[in-house]
**Student:** 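For reference, the structure I am asking about is given below.
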Amino acid sequence: MAKVSDHIRKANGKTIFSIEVIPPIKGDNLKNLLDNIEPLMEFKPPFIDVTYHREEYIERLEPDGTIKKIITRKRPGTVGICSAIMHKFGVDPVPHVLCGGFTRDETEDFLIDLHYLGIDNVLVLRGDPAKPFDTFKPKTNGYAYASELVEQVANMNRGVYLHEGSHAMTPSDFCIGVAAYPEKHFEAVDHETDFTYLKLKIDKGADYIVTQMFFDNQKYFDFVKRCREAGITVPIIPGLKPLSTRKQLQVLPRLFHLEMPDDFIKAVEACENDGQARQVGIEWCVQQGRELVKAGVPGLHFYTMGKSDNIVKVAQEIF
Ligand code: FAD
């Protein structure tokens with residue numbers, strides 16, 4: 001299998017198509033997810049990202065009327081899905097690896113499993129706070145920032161593990177991706193601070209960047225320009241998502257801390273039903289994708305969020 005950075009290099013300036021998928025809710029069938037990926041194979045994604053979902057704290061009402069607090073993971077299975085993707089589609093999976101919910105030793109064990117499976121890529125992230133909390137707290141002996149986790153992966157790539165063994169340690173060979181936010185990470189006080197820490201992730205060993213979704217290409221172009229001025233030279237893959245319901249006009253900005261352009265808001269608000277909004281979402285995304293391809297972006301990375309039919313329609317118009 002190969003690294004994302006090799007896929008970009010081999011494409012030789014041609015824009016790559018890639019997707020991100022989300023593990024099913026615990027207990028659901030994996031087949032539905034794989035069936036959703038299948039139609040997208042037409043566009044030959046060289047890699048597929050699989051998100052990681054940390055533990056959540058929930059309260060459950062017991063038959064005796066008491067409330068029981070439980071810690072659960074609603075969407076486990078990231079590593080298994082990566083393996084299924086490799087075997088079914090022969091495509092490189094990119095598991096997301098989080099700081100949140102992991103100690104450094106647990107991270108090391110996780111990375112060793114990925115290495116043994118022949119997975120050559122990871123997208124390294126801090127993760128969001130565990131629900132229902134609103135501030136991120138690392139585990140004891142865990143990491144507070146993605147840059148620290150990048151350093152651990154980069155160390156393993158040099159054969160430096162957390163605790164020295166009595167024999168030479170086999171280096172891993174992960175290609176490391178990290179996240180970035182053209183509209184700023186919501187916790188960062190300003191763009192400059194956010195840039196400083198993005199640069200730190202690259203300096204610690206990240207090979208490429210994938211952006212948060214955006215609906216205004218100018219935000220991406222400005223962001224890339226500022227990255228280049230700050231000395232960040234790695235590929236910056238734009239993340240896109242076609243809006244699929246009228247409700248997402250409010251939900252996406254709230255969840256992902258982004259702004260929708262006025263023209264787009266007007267077009268969606270004029271829709272009488274979700275079917276029309278979905279069509280507007282597809283057309284907007286096609287327009288965004290075409291302009292980005294024309295600008296020579298290394299890839300278009302689509303957030304499927306459990307559905308692929310609208311992404312098929314977008315990709316048919318672009319690739
Ligand atoms: P970081 O790079 O650590 O940054 C977090 C914040 O801390 C930023 O405000 C940054 O400016 C600041 N900061 C960074 N370093 C320092 C420092 N040394 N000192 C002080 N401040 C600092 N979440 C999931 O739970 N699972 C997923 O699978 C997942 N996939 C994602 C994929 C993509 C492409 C993107 C864009 C996001 C994804 N997320 C996922 C969400 C992500 O975990 C959150 O956005 C999280 O809040 C930040 O993660 P990060 O890796 O960007 O954090």
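In this chain, numbering begins with 1 at the start of the sequence shown. One-based numbering, in listed order, for ligands and for the atoms of each. This is a predicted model, so every value here is computed, not measured.
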**Student:** Pull out every atom of ligand 1 sitting under 4.0 Å from any heavy atom of Ala188, numbered as shown with elements.
**Tutor:** 9 (O), 11 (O)
**Student:** Any side-chain donor-acceptor pair under 3.5 Å between Thr51 and His53?
**Tutor:** yes
**Student:** Below 4.0 angstrom from a heavy atom of Thr51, which ligand 1 atoms are there? Numbered from 1 as shown, please.
**Tutor:** 28 (O)
**Student:** Closer than 4.0 angstrom, basic N to acidic O: yes or no for Glu148 and Lys204?
**Tutor:** no
**Student:** Between Lys88 and Glu38, does at least one N-O distance fall below 4.0 Å, as a salt bridge requires?
**Tutor:** yes
**Student:** By number and element, which atoms of ligand 1 are closer than 4.0 Å to a non-hydrogen atom of Tyr52?
**Tutor:** 24 (C), 25 (O), 26 (N), 27 (C), 28 (O)
**Student:** With a cut-off of 4.0 Å, which atoms of ligand 1 are near a heavy atom of Tyr303?
**Tutor:** 34 (C)
**Student:** Are Lys74 and Glu56 within salt-bridge range, i.e. N to O under 4.0 Å?
**Tutor:** yes
**Student:** Apply side-chain contact (heavy atoms from CB on, under 4.5 Å) to Ile16 and Lys44, showing your working.
**Tutor:** CA-CA 9 Å; Ile16 287 171; Lys44 302 193 170 35; over 6 Å; no
**Student:** Run the numbers for me: atoms of ligand 1, each under 4.0 Å from some heavy atom of Leu123, listed by number.
**Tutor:** 32 (C)
**Student:** Looking at CZ of Arg73 and NZ of Lys26, how far apart are the two atoms once the value is rounded to the nearest 0.5 Å?
**Tutor:** 8.0 Å
**Student:** Tell me the protein heavy atom at minimum distance from atom 42 (C) of ligand 1, and give that distance in Å.
**Tutor:** Tyr181 OH, 3.7 Å
**Student:** Heavy atoms only, cut-off 4.0 Å: how does His96 contact ligand 1, side chain, backbone, both, or neither?
**Tutor:** side chain
**Student:** Can you name the residues that form a side-chain contact (heavy atoms from CB on, under 4.5 Å) with Tyr57, not counting sequence neighbours?
**Tutor:** Glu55, Ile71, Ala130, Pro132, Phe133
**Student:** Considering only heavy atoms of Leu98, which atoms of ligand 1 have at least one such atom less than 4.0 Å away?
**Tutor:** 24 (C), 25 (O), 26 (N)
**Student:** Which residue and atom name correspond to the protein heavy atom nearest atom 3 (O) of ligand 1, and how close is it?
**Tutor:** Ala146 N, 2.9 Å
**Student:** Got the closest protein heavy atom to atom 23 (N) of ligand 1, with its distance?
**Tutor:** Gly127 CA, 4.2 Å
**Student:** Give me the residue, atom name and distance of the protein heavy atom closest to atom 35 (C) of ligand 1.
**Tutor:** Ala179 CB, 3.7 Å
**Student:** Strictly by modelled atom types, are Glu283 and Gln279 linked by a side-chain donor-acceptor pair under 3.5 Å?
**Tutor:** yes
**Student:** Is the backbone of Met1 close enough, under 3.5 Å, to the side chain of Asp92 for a donor and an acceptor to pair up by distance?
**Tutor:** no
**Student:** With the threshold set at 4.0 Å, does a side-chain nitrogen-carboxylate oxygen contact exist between Asp6 and Arg9?
**Tutor:** yes
**Student:** Students should be able to answer this: which protein heavy-atom is nearest to atom 12 (C) of ligand 1, and at what distance?
**Tutor:** Tyr197 CD1, 3.9 Å
**Student:** Measuring from the heavy atoms of Glu20, does anything fall under 4.0 Å of ligand 1?
**Tutor:** yes
**Student:** Kindly confirm or rule out an N or O of Gln212 lying under 3.5 angstrom from an N or O of ligand 1.
**Tutor:** no
**Student:** Taking the six-membered ring of Phe136, is NZ or CZ of Arg126 closer than 6.0 Å to its centre and within 45° of its axis?
**Tutor:** yes
**Student:** So, 4.0 Å and heavy atoms of Lys201: is ligand 1 close enough to count as a contact?
**Tutor:** yes
**Student:** Using non-hydrogen atoms of the residue, decide whether Phe136 is closer than 4.0 angstrom to ligand 1.
**Tutor:** no
**Student:** Using a strict cut-off of less than 4.0 Å between a Lys/Arg side-chain nitrogen and an Asp/Glu carboxylate oxygen, indicate whether Arg104 and Glu108 qualify as a salt bridge.
**Tutor:** no
**Student:** With a 4.0 Å cut-off, strictly under, does atom 26 (N) of ligand 1 pick up any protein heavy atom?
**Tutor:** yes
**Student:** What protein heavy atom is closest to atom 39 (N) of ligand 1, reported as residue, atom name and distance in Å?
**Tutor:** Leu125 CD2, 4.0 Å
**Student:** For ligand 1, which atoms have a heavy atom of His185 less than 4.0 angstrom away?
**Tutor:** 5 (C), 6 (C), 8 (C), 9 (O), 45 (O), 46 (C), 47 (O), 48 (C)
**Student:** Is it true that Asp309 and Lys313 have a side-chain N and a carboxylate O under 4.0 angstrom from each other?
**Tutor:** no
**Student:** Which is closest to atom 10 (C) of ligand 1 by heavy-atom distance: Ile209, Asp194, Val150?
**Tutor:** Asp194
**Student:** Would you call Asp173 and Lys3 a salt bridge, using N to O less than 4.0 angstrom?
**Tutor:** yes
**Student:** For ligand 1, is Thr196 a contact, meaning one of its heavy atoms is under 4.0 Å away?
**Tutor:** no
**Student:** Look at atom 41 (C) of ligand 1 and say which protein heavy atom is nearest, naming residue and atom and giving the distance to 0.1 Å.
**Tutor:** Asp128 OD2, 4.0 Å
**Student:** Which protein non-hydrogen atom lies closest to atom 53 (O) of ligand 1, naming both residue and atom, and how far is it?
**Tutor:** Arg126 CB, 3.3 Å
